Every structure is written in structure tokens, then in C-alpha cells.
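In this text, all values refer to a predicted model and were calculated from it rather than measured experimentally. Heavy atoms only: backbone and side chains are in, while hydrogens, waters and symmetry mates are out. Chain A is the first sequence line, chain B the second, and so forth, proteins listed ahead of strands; every chain is numbered from 1.
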Amino acid sequence: MPNLETPAGNELDQARYTLDRNLIADYLSVVGSEPALYQPGDLVPPTAMAALGMRTLLDGLGLPAGAVHAAQELTMHRTVTWGQSIVCSARVAQTSQRKDGRFLILEFEIADEDGSPILEGRTIVIAPGQNG
Amino acid sequence: MVSSVGQILPELSRSVTQDMIGGYAAVSGDSNPVHVDPEFAAGSSFGRIVAHGMLTLAFVSDMLAQAFGRSWLESGRLKVRFRAPVYPGDDVTTFGQVTGVTDEDAGHRIRCTVGCRKLDGQEVVTGEASVVVQHG
């Protein structure tokens with residue numbers, strides 16, 4: 001169920017992912033990524049990890065159908081190789097009601113199993129149909 | 001290596017298809033019906049299926065990875081707005097230009113305007129990126 005009333009500051013459930021060969025190969029195939037950095041067994045595209053950060057947000061909030069992704073920030077800290085595991089943490093940073101829907105600023109952080117940061121994201125989503 | 005003000009980043013072009021959008025929904029776990037359900041999408045503000053913003057953003061990031069290599073993955077910053085929807089059948093091309101270079105302890109921080117546009121020139125993603133390239 002959508003949980004758009006989650007107050008600002010609330011942490012969503014953490015998620016763990018293994019960046020296994022199938023996951024990254026499928027991502028590269030779909031996106032058509034060509035940089036040599038991402039050849040099999042080498043480095044993971046930061047946007048592949050960001051997609052998992054977004055999944056953590058989506059799973060945690062249950063955004064309603066029709067929610068619109070309005071803006072995105074990404075900050076990269078270091079590389080990750082295929083096969084590594086990551087931990088995604090996410091939170092609601094800010095919410096407000098506007099005429100065209102609920103305005104949400106969401107943040108996610110991706111770290112390794114030891115907590116060393118890999119990537120951060122800040123997302124703005126407009127969710128429709130929430131009044132009051 | 002791209003490193004001087006005014007330099008243009010190498011463009012990257014992609015044809016966005018319904019298969020690509022469906023594939024991205026599967027691999028990302030984002031199955032918002034505006035991306036995968038034609039009937040729902042027809043009744044949305046977009047009027048038809050639209051691509052994920054993160055898919056278009058991946059094209060921009062790939063351009064930066066090609067321009068700056070490993071430095072992009074280790075120190076890149078990206079801030080964009082999604083300006084307009086991308087539909088199945090759209091051809092899009094990324095763009096970028098260096099706007100500034102400043103010294104930091106770790107190296108030169110190179111700042112760029114970046115984005116992605118359709119063939120008719122409509123900008124679908126616009127924003128800024130920066131990356132630290134080590135001295136020497």
C-alpha cells in the first residue's frame with residue numbers, strides 16, 4: 001500500500017543486493033552501455049546501483065501508479081566490481097502537498113557490507129492523487 | 001581526456017524502444033504502469049507509455065564514463081531535472097560541455113553542463129555534472 005504519509009526523517013527498510021553477473025549483464029544489455037569500464041567482471045555502472053537505490057525507495061514507500069520522477073542527484077565515492085554485495089539505505093527527506101500532487105524528496109545511500117560509502121542519491125518524486 | 005573549458009563531450013545516441021523500457025522495468029524493479037501498461041499510460045498525463053527517467057539518466061552517465069573513465073565512477077556528481085517524457089520510438093542524444101575547471105587537493109574538478117535531447121531538439125534531461133581528474 002502507498003505510504004506517502006511517511007514523515008520526513010523516517011528511515012525505510014534497508015535492502016541488500018548482490019551485484020551478480022546476471023543482474024549487471026542484464027542491466028548493461030537493456031541500457032546498451034558501451035564504456036569499456038563495464039566489461040564483464042570489471043566495474044559496475046553507478047546508475048545500475050542507483051536503480052537499486054530507487055528500488056529500495058519504491059519498495060519502502062509503495063509509490064502510487066503514475067508517480068513522476070522529477071529530478072535526480074547522484075554522488076559517486078568509489079568503484080564496485082561485479083559480484084560485490086551492497087547495502088541500500090533510504091529515507092524520506094522532505095514532503096509537502098502541492099496542487100498537482102504530493103512532493104517528495106527522498107534520499108538513498110549505497111555502501112558495502114562494512115558501511116563504506118559507494119554512492120548517494122537524492123530523488124524528487126511527484127505522487128498524484130493525494131489531497132490534504 | 002576532456003579537460004578544458006568549452007570542450008564538448010562526445011555524444012551518445014540511443015533509440016528508446018518498448019522492449020528497452022520493459023527490460024529496464026524488469027531489471028530495476030520499477031514497474032510503474034506508466035512504463036509498462038499501455039492502457040493505464042493512455043489515461044495518465046503522458047497519454048502513452050513513457051521511459052523511466054533513470055534510463056535516460058543512464059545514457060548521460062555513460063557519456064560521462066566515456067569522457068572521464070574511472071574518475072567518473074570514483075568522484076562523479078550529477079544533478080539533473082527530467083524536463084520532458086521520452087516515448088518508445090524516440091531517438092535521443094546526450095550532450096555535454098565543460099564549463100569550468102578548479103583545483104582541489106585531489107586534482108582538477110571539471111564541471112560540465114549535461115543533458116539529453118530528442119532529434120527535434122527538445123531537451124528531456126538537463127543538469128550539471130562534475131568530476132575530479134587527478135593532477136598530472
(message) What part of A65(A) gets within 4.5 angstrom of chain B, counting heavy atoms only: side chain, backbone, both, or neither?
(response) both
(message) For the backbone of V31(A) and the side chain of R14(B), can you confirm whether one donor and one acceptor N or O come within less than 3.5 Å of each other?
(response) yes
(request) Tell me, out of R77(B), M63(B), M54(B), who's got the most heavy-atom pairs with chain A below 4.5 Å. (result) M54(B)
(request) For chain B, find which of T75(A), D59(A), I124(A), L119(A) contributes the most heavy-atom pairs closer than 4.5 angstrom. (result) T75(A)
(request) Using heavy atoms and a sub-4.5 Å threshold, report which of residues 33-44 of chain A line up against chain B, by residue number. (result) S33(A), E34(A), P35(A), L37(A), Y38(A), L43(A), V44(A)
(request) Give a yes or no answer on whether the side chain of N32(B) reaches the backbone of G66(A) with a donor-acceptor pair at less than 3.5 Å. (result) yes
(request) Heavy atoms only: give me the nearest A71(A)-R81(B) pair and the separation to one decimal. (result) CB-NH1, 4.0 Å
(message) I need the L57(B) CG to H69(A) NE2 distance, nearest 0.5 Å.
(response) 7.5 Å
(request) Pick whichever of S28(B), G23(B), A129(B), G22(B) has the most heavy-atom pairs under 4.5 Å with chain A. (result) S28(B)
(request) Identify which part of A48(A) has an atom lying under 4.5 Å from any heavy atom of chain B, answering side chain, backbone, both or neither. (result) neither
(request) Among the options V27(B), D62(B), L55(B), pick out the one with the most heavy-atom pairs lying under 4.5 Å from chain A. (result) D62(B)
(message) Within residues 13-29 of chain A, which residues come under 4.5 Å of chain B, heavy atom to heavy atom?
(response) L23(A), D26(A), Y27(A)
(request) Taking all heavy atoms of Y24(B) and all of V30(A), pick out the closest pair and write down the distance. (result) N-CG1, 3.4 Å
